[in-house]
> 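This is the structure I want to talk about, given as structure tokens.
Numbers here are sequence positions counted from 1.
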Amino acid sequence: MSSTCKRETTEQKKRLQHFQSELAILGSLQGFRYFQPWLRGKEELLLTIVNEDQDWQSPGFPVSAASSSSSISGSSSYSFGSGYDSSPLPGERPPPHAARARPQQHTEVEEQQQQHTEVEEQQQQHTEQQTRRSSESHLLPASPSEREIAVPEMNCTLFLLAGYAKYGRPYAWIRSNHERLVNIGGADSLVKDTPMKLMSVSDWSSQDIHVWDMVSELVGLCTMPPPDNPFSLDTRYLQTLPLPDRFLVTGALLSFLEALVVQGSQEEVYYDKVVQEIKWLRRLHVHSLSDVLQLRGNVKRSPPAPEDSWEEMQQ
């Protein structure tokens with residue numbers, strides 16, 4: 001039995017180390033349209049995510065709609081891990097007020113039994129909430145929210161992704177605009193530093209979860225409207241980079257997106273779009289390589305690099 005537990009512990013450590021490696025890789029990348037990662041140490045990564053897609057033509061999309069993003073995005077629903085009002089995760093007991101409606105007429109005995117049952121359910125739910133709140137309130141980030149020195153840009157929300165060895169699994173925290181995404185029930189620093197209840201985090205023990213699973217879920221929750229492809233590239237930015245930088249940046253992006261395609265689930269709604277994104281990115285990378293070699297006098301001048309995005313090429 002002890003050998004089995006030891007084996008499982010070793011496996012969990014290896015998975016967490018792999019996740020930390022993915023954090024480091026993601027933190028070195030530039031050029032995504034909806035988010036910008038910033039690596040901060042071995043275990044932490046700051047993620048700035050766009051609140052509203054400015055290129056989306058609409059008469060207006062209220063910021064308050066982000067509070068219902070879990071139902072809009074269709075990816076997952078989450079809340080802070082304490083007794084806040086939220087949709088229960090799979091396996092959790094629904095709140096008493098969500099139970100079936102009582103018939104219009106009851107006998108006195110039936111009503112007493114129903115009331116007794118409701119009281120027991122309320123007490124049990126309160127106990128479960130207190131237990132979760134007690135356990136998850138200790139899952140604090142190494143850098144408290146009130147000491148955060150990073151400031152997100154306009155129209156952005158800042159998140160902290162971390163794979164702390166002491167917790168044995170990754171977690172995510174909101175670092176700005178808490179009130180935009182969820183009613184946290186106060187401004188207490190302990191409340192703000194409660195980890196988000198993401199499906200990708202909940203599935204960590206039973207599924208093969210990668211850093212892009214957390215990123216795609218956060219983008220779907222934060223960005224309005226939720227994009228079809230959370231890993232869309234900022235083609236204008238990439239095309240205007242100086243040639244040496246363009247070659248290095250596109251190569252790093254290719255490596256990350258190809259790993260996503262190979263190791264990620266083909267059932268994800270954005271999978272095919274990422275594949276198309278890779279085709280355009282590979283063309284730009286090859287042209288950049290040819291131009292770099294041409295500047296060194298090794299080959300003849302290459303054809304011009306692609307100036308349009310892969311979406312435009314499909315038209």
Side-chain angles (χ1 to χ4, degrees), residues 8 11-29 31-37 39 45 47 49-50 53 69-79 87-92 159-163 167-172 181 195-234 250-282 285 309-311 314:
E8 292 178 353
E11 181 63 26
Q12 289 295 326
K13 287 183 178 179
K14 290 182 179 179
R15 292 185 59 203
L16 187 61
Q17 290 173 353
H18 183 70
F19 181 84
Q20 292 172 346
S21 299
E22 292 180 341
L23 279 183
I25 294 173
L26 179 62
S28 66
L29 302 180
F32 291 105
R33 177 178 175 182
Y34 297 110
F35 65 89
Q36 174 61 50
L39 186 64
L45 178 137
L47 194 68
I49 300 181
V50 173
D53 188 355
S69 60
S70 59
S71 61
I72 297 175
S73 64
S75 58
S76 64
S77 60
Y78 80 95
S79 67
S87 300
L89 290 176
E92 292 185 336
F159 296 87
L160 172 66
L161 274 63
Y167 294 154
R169 64 165 61 202
Y171 285 99
L181 292 174
M196 301 174 67
K197 191 173 290 185
L198 300 175
M199 291 299 297
S200 52
V201 174
S202 301
D203 294 340
W204 170 261
S205 299
S206 58
Q207 299 183 25
D208 188 18
I209 301 298
H210 297 271
V211 67
W212 50 74
D213 296 312
M214 296 182 66
V215 172
S216 64
E217 186 173 1
L218 288 172
V219 172
L221 290 168
C222 183
T223 304
M224 293 292 112
D228 294 333
N229 178 15
F231 301 99
S232 293
L233 300 174
D234 188 342
T250 54
L253 286 171
L254 267 177
S255 178
F256 176 80
L257 293 180
E258 287 174 346
L260 187 158
V261 168
V262 172
Q263 302 177 39
S265 172
Q266 297 185 18
E267 297 179 358
E268 294 290 351
V269 294
Y270 57 79
Y271 184 88
D272 291 338
K273 295 185 180 298
V274 171
V275 172
Q276 294 299 323
E277 208 72 79
I278 288 177
K279 294 179 181 179
W280 178 86
L281 184 62
R282 185 178 291 118
H285 179 66
S309 64
W310 74 264
E311 294 96 337
Q314 304 304 309

> Which value, rounded to the nearest 0.5 Å, describes the distance between Leu47 atom CG and Gln36 atom CD?
8.5 Å
> From Leu16 CG over to Leu23 CG, what is the distance, rounded to the nearest 0.5 angstrom?
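It is 9.0 Å, given to the nearest 0.5 Å.
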> When you measure from the side chain of Tyr34 to the backbone of Ile49, do you find a donor-acceptor pair of N or O atoms at a distance under 3.5 Å?
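Side chain of Tyr34 to backbone of Ile49: no pair is present.
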> Where does the angle between the aromatic ring planes of Trp212 and His210 fall among parallel (under 30°), tilted (30 to 60°) and perpendicular (over 60°)?
parallel
> In Å, rounded to the nearest 0.5 Å, how long is the span from CZ of Phe35 to CG of Leu29?
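So the CZ of Phe35 and the CG of Leu29 are separated by 8.0 Å.
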> Would you please test Leu218 and Leu161 for side-chain contact (heavy atoms from CB on, under 4.5 Å) and show each step?
CA-CA 10 Å; Leu218 288 172; Leu161 274 63; 3.5 Å; yes
> Taking Ser255 for its side chain and Ala252 for its backbone only, find out whether a donor-acceptor pair lies under 3.5 Å.
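Flag not set: sc Ser255 to bb Ala252 has no pair under 3.5 Å.
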> Check for a donor-acceptor pair, side chain of Glu217 on one end and backbone N or O of Ser200 on the other, with a separation under 3.5 Å.
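At least one qualifying donor-acceptor pair exists.
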> Could you state the interatomic distance from CZ (Arg33) to OG1 (Thr223), rounded to the nearest 0.5 Å?
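Answer rounded to 0.5 Å: 10.0 Å.
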> Return the OG to CZ distance between Ser202 and Arg169, rounded to the nearest 0.5 Å.
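One gets 7.5 Å once the value is rounded to the nearest 0.5 Å.
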> Closest approach of Leu26 and Phe32, non-hydrogen atoms and distance?
CD1-CE1, 4.3 Å
> Looking only at non-hydrogen atoms, find the nearest pair between Pro230 and Pro227 and report the distance.
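Residues Pro230 and Pro227, closest heavy atoms: CA-CG, 4.1 Å.
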> If we only count heavy atoms from C-beta on, is the Leu45 to Val211 side-chain gap below 4.5 Å?
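No, every pair of side-chain atoms sits at 4.5 Å or beyond.
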> Out of the candidates Glu22, Gln20, Lys14, only one should pair with His18 under the side-chain hydrogen bond (donor to acceptor under 3.5 Å, both in side chains) rule; please name it.
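Only one of Glu22, Gln20, Lys14 forms a side-chain hydrogen bond (donor to acceptor under 3.5 Å, both in side chains) with His18, namely Glu22.
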> If you take all heavy atoms of Arg15 and Ile209, which pair is closest and at what distance?
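It is NH2-N, 3.9 Å.
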> So which heavy atom on Gly168 is nearest to which on Gln12, and how close?
O-OE1, 4.2 Å
> Checking side-chain contact (heavy atoms from CB on, under 4.5 Å) for the pair Arg282/Glu258: CA distance, chi angles, key distance, verdict?
CA-CA 10 Å; Arg282 185 178 291 118; Glu258 287 174 346; 2.8 Å; yes
> Output the distance between atom NZ (Lys197) and atom OH (Tyr171), rounded to the nearest 0.5 Å.
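Taking NZ in Lys197 and OH in Tyr171, the distance rounds to 10.5 Å.
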> Evaluate side-chain contact (heavy atoms from CB on, under 4.5 Å) for Phe19 paired with Met214, printing each intermediate quantity in order.
CA-CA 11 Å; Phe19 181 84; Met214 296 182 66; 3.6 Å; yes
> The test is side-chain contact (heavy atoms from CB on, under 4.5 Å); show your working for Asp213 and Asp203 and say whether it passes.
CA-CA 10 Å; Asp213 296 312; Asp203 294 340; over 6 Å; no
> Determine the interplanar angle of the Phe256 and Phe231 rings, folded into 0 to 90°, and report it as parallel if under 30°, tilted if 30 to 60°, perpendicular if over 60°.
tilted
> What closest approach, in Å, do Ser232 and Asn229 show between heavy atoms, and which atom pair accounts for it?
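Nearest pair, atom of Ser232 first, then Asn229: OG-O, 2.9 Å.
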